[in-house]
Every structure is written in structure tokens, then in C-alpha cells.
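Take a look at the structure below.
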Amino acid sequence: MPYVMLGEWTEVDGQLPDRVVVPEGTVLHLRTADHEVTVGPQEPPVWEQTADAVEFGPGSELENRALWGVLDEEEVDAWQFDGYELILPGTGDYGNPVFLCTGSTGRTDDAAPCPTTPEQALAGARHTCDGILGRHADEPLVWTECMAITLAGPESPQDRVLREVAEELLGKVLRHRTAAALRIELGWHAAEALRDQVQVCIGPDPRAFAYRIAESVRASGVAVDRVAVTNLLRDELEDIQFVSAEEVDGRLEEVLQAQTASLVDADLTELADRVGEEARRRTGGEEYDGVVKVLHTVLWNRLEGKADDLLADDLHALRTELQAHRDELQRIFMARTVQALTAAVTVYGRPLPSAAPAA
């Protein structure tokens with residue numbers, strides 16, 4: 001199981017090893033933040049508040065590190081850690097602080113020493129101390145080291161207004177982007193379906209197709225002409241759809257989530273200005289800071305399954321909006337399919353045959 005350690009930076013006791021070596025089977029990801037990190041249900045994931053992880057694989061050497069715990073387990077919303085098992089210094093049976101390696105001070109006298117060189121680690125030497133590298137060998141580890149950690153307080157009425165406005169305007173942006181992407185996708189799909197459907201109907205022998213259609217028209221008791229052929233083809237193809245409503249529905253959430261993810265790294269300054277202006281209007285001139293951070297929190301809530309109500313509302317609105325577009329594309333698809341097949345009958349059946357072509 002992957003583990004994440006979260007705490008504030010603190011100095012390593014001078015009696016402990018200055019440097020450590022990552023053992024075989026363990027990968028350590030080091031994340032740091034030289035600023036305050038906020039933890040709470042309405043806050044973005046800790047990953048987003050820290051620098052990119054630096055990876056130390058087996059045999060890697062780095063400075064020994066220490067984390068001081070300032071949080072209790074019940075104060076932390078685990079979703080902020082992407083499902084990793086959270087280790088907080090000073091909770092459970094973990095001391096405060098916790099260390100990567102405690103060396104000889106953290107093991108029994110008869111235990112082998114912890115590896116101190118890459119060669120020893122790669123040869124299979126294990127950490128036998130009660131540090132993190134000893135207690136959680138063969139596991140992915142994320143060491144998250146912050147200058148300060150703050151627990152977010154309860155949401156104020158003003159903050160609630162800002163969050164609601166951010167959810168509302170961000171939802172409009174996401175629905176617009178999703179609908180635009182799906183319109184393009186449906187257009188390409190309709191074009192490909194038209195080509196494929198014409199090929200399937202005509203088959204390998206265009207004259208045999210023309211003969212079958214002409215004979216079907218004659219069997220109905222009307223003259224074989226373009227109008228009769230068009231009417232027959234329209235009746236034969238009336239149940240064919242270039243894409244079903246179920247297929248469109250299946251793509252809706254995928255595209256919506258993809259558009260949501262694409263905004264995480266986008267410049268949200270313009271949207272933040274709009275959100276701040278609308279929130280100020282609703283609160284009678286209240287000034288707001290950190291609007292971009294609120295937008296990022298809303299985005300992460302959506303991506304991490306913390307905003308199912310917003311997602312459901314978006315999907316309902318998109319289904320309604322795209323149904324009319326799909327219906328129009330279906331009408332065009334059918335009209336062009338019939339038109340292409342009628343032209344094929346006219347070309348390959350001129351003069352329209354009265355008997356089956358010779359084999």
C-alpha cells in the first residue's frame with residue numbers, strides 16, 4: 001500500500017544519521033512546500049499545494065529528514081491525498097517527529113545495521129530501524145514536508161457565496177466546452193457513419209444493388225423513377241441511426257471530466273475576475289481574495305468525486321442541449337445517405353435493369 005507522510009519540516013537530531021540510502025524495493029517521492037499548506041474538505045489536494053515530487057529510487061542517497069506532526073487523524077479529509085494511507089507524526093504508534101532513518105537508536109542490538117551506501121542497498125541490505133524506511137519497506141512513499149500546515153476553519157457565509165458563484169460560472173464554462181467538443185466529435189462521427197453506411201448498403205456489386213432496389217420498386221406497383229427509389233430507400237433505412245442516444249450519453253461524462261482536467265493547468269485569471277465581480281454583487285460589495293484558489297478547489301472536487309451533485313446537473317443539461325443537435329445530425333445523415341444511394345441506383349441502373357445482371 002502506498003503511504004504519504006505529512007508534517008512540518010524540523011531539524012534532524014544530531015545523534016541520527018545525516019544521510020540515508022533508499023533500500024531495494026522502495027521508491028521515495030519527496031514533496032516540499034516553502035509556504036503554508038491548508039488542509040480541509042474545501043481545500044485543493046495537498047499535491048497541488050506543493051512542488052513537484054522528486055523521486056528517489058532504490059540505491060538513491062539523500063539527506064535524512066524529519067517531520068513534526070501538527071494534525072490529528074480526525075482533522076484530515078483523506079481525499080486530499082488521492083487514496084494513499086496517511087501517516088501523521090504523533091498519531092497511532094508513530095513518534096513525533098518521524099524520521100526517514102533512526103539508525104542504531106531505533107533498533108535492537110542484534111539487528112543488522114541500516115545500509116549507508118548505494119552498494120549495500122542494491123545488494124539487498126534493509127533498514128532495520130523504526131524510521132519510515134524501516135517500517136514501510138517495499139512500499140511507494142510520499143514524504144510531504146511543509147514549512148507550515150493550517151487546518152481550514154468552517155466556511156463563512158461570504159466564502160459560501162464565493163464558492164457557489166465559482167461552482168455556477170465554472171459549470172457554465174465546462175458545459176460550453178464539453179458541448180462544443182462533442183459537437184465536433186458527433187460531426188466527424190456522422191461523416192464516417194455516412195460513408196460506412198453507403199458502402200454497406202451498396203455492397204461489393206453496385207449493379208446488383210441497383211437491380212435489387214429497382215425490383216423492389218416494381219414490386220410495389222409504381223414506376224421506377226428517382227422519387228420512387230428515394231421513397232423506398234428512406235423507408236428501408238428509417239431505423240438506422242448514425243449514433244445512439246446511449247452512445248452519446250456514454251461519452252458525456254468522459255468529455256466533461258477531460259475538459260475539467262484541462263482547466264486545472266489553464267490560466268483562470270479572466271474567469272476569476274468574473275467570479276469575484278459576481279460574488280461582490282451578491283454580497284453587497286464584499287472584497288474577495290484567492291478566487292483562483294477557490295476555482296482550483298472546485299475543479300479538484302469535481303475530479304475527485306466530491307461534487308456529484310454538480311456533475312449530475314451538468315450531465316442533465318448537456319443531454320438536453322445535445323439531443324437537439326444529435327437529432328439534426330441524424331436528419332442530415334439520413335438525407336445524405338438516401339441521396340447517395342439514390343445516385344448510385346441512378347448511375348449503376350441506367351438504364352434500370354429489368355432482370356438480374358449476369359453472374
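Just so you know, residue 1 is the first one in the sequence shown, and it goes up from there. Note that these values count all heavy atoms, side chains included, but never hydrogens, waters or copies made by symmetry.
Hydrophobic cluster membership differs between V227 and V229, with clusters built from Ile, Leu, Val, Met, Phe, Trp and Tyr side chains linked at under 4.5 angstrom. Note on L310: it does not cluster hydrophobically with L303, by side-chain heavy-atom contacts below 4.5 Å among ILVMFWY residues. Under a hydrophobic-cluster definition in which Ile, Leu, Val, Met, Phe, Trp and Tyr are linked whenever side-chain heavy atoms come within less than 4.5 Å, directly or via other members, M5 and V22 are assigned to the same cluster. Under the 4.5 Å side-chain heavy-atom criterion for ILVMFWY residues, a single connected hydrophobic cluster contains both V4 and W68. Linking Ile, Leu, Val, Met, Phe, Trp and Tyr whenever their side-chain heavy atoms come within less than 4.5 Å leaves M147 and L30 in two separate clusters.
The stretch residues 6-21 participates, sequence neighbours left out, in these side chain to side chain donor-acceptor pair (under 3.5 Å) pairs: R19-E61.
Here CH2 of W143 is found 4.5 Å from CG of L100. Values are rounded to the nearest 0.5 Å. Of the inter-residue distances, the one linking R282 atom CZ with L162 atom CG reads 10.5 Å to the nearest 0.5 angstrom. To the nearest 0.5 Å, atoms CG (L299) and CG (L174) are separated by 6.5 Å. Considering CG of L16 and OG1 of T102, their distance stands at 6.5 Å, rounded to 0.5 Å. Distance check: Q323 CD to L318 CG gives 12.5 Å after rounding to the nearest 0.5 Å. Atom CG of residue L170 and atom OG1 of residue T260 lie 7.0 Å apart, to the nearest 0.5 angstrom.
When the side-chain hydrogen bond (donor to acceptor under 3.5 Å, both in side chains) test is applied to R175, the partners found at least two apart in sequence or on another chain are D314.
Side chains of F209 and L341 form a contact here, defined as non-hydrogen atoms less than 4.5 Å apart. Side-chain contact check for S60 versus V21: every heavy-atom pair is 4.5 Å or farther apart. Side-chain contact check for E185 versus R251: some heavy-atom pair is nearer than 4.5 Å. Contact check for V173 versus L271: side-chain heavy atoms found under the 4.5 Å cut-off. Considering only heavy atoms from C-beta on, H29 stays 4.5 Å or farther from V54 through its side chain. At least one side-chain heavy atom of P89 sits less than 4.5 Å from a side-chain heavy atom of N96. Using a 4.5 Å heavy-atom cutoff, the side chains of Q241 and E247 are not in contact.
In summary, the side chains of T230 and T342 do present a donor paired with an acceptor at a separation below 3.5 Å, with no hydrogens or angles considered. Counting only N and O atoms by type, the side chains of T150 and E36 include a donor and acceptor under 3.5 Å apart. Judged purely by distance below 3.5 Å, without hydrogens or angles, the side chains of T297 and R163 never pair a donor atom with an acceptor atom.
Atom CD of E164 is surrounded by more than 12 heavy atoms from other residues, nucleotides or ligands within 6.0 Å. For E277, the CD atom sits in a loose shell: 12 or fewer heavy atoms of surrounding residues, nucleotides or ligands are nearer than 6.0 Å.
Between A33 and Q49 the shortest heavy-atom distance is CB-O, 3.8 Å.
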Salt bridge (Lys or Arg N to Asp or Glu O under 4.0 Å) evaluation trace for E321 with R183: CA-CA 10 Å; E321 179 179 350; R183 284 194 183 97; 2.8 Å; yes
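Using a 4.0 Å cut-off between a side-chain N of Lys or Arg and a carboxylate O of Asp or Glu, E270 and R274 do not qualify as a salt bridge. The pair E192-R195 fails the salt-bridge criterion, with no side-chain N (NZ, NE, NH1 or NH2) lying under 4.0 Å from an Asp/Glu carboxylate O. Look at R31 and E145 and you find no salt bridge, because none of the NZ, NE, NH1 or NH2 atoms lies under 4.0 Å from a carboxylate O. Using a cutoff of 4.0 Å between basic side-chain nitrogens and carboxylate oxygens, R212 and E236 are scored as salt-bridged.
The side chain to side chain contact (heavy atoms under 4.5 Å, CB included) with T337 is formed by just one residue from the set L233, I240, I332, L194; it is L194.
Geometrically, R135 engages Y94 in a cation-pi contact defined by less than 6.0 Å to the ring centre and at most 45° from the axis.
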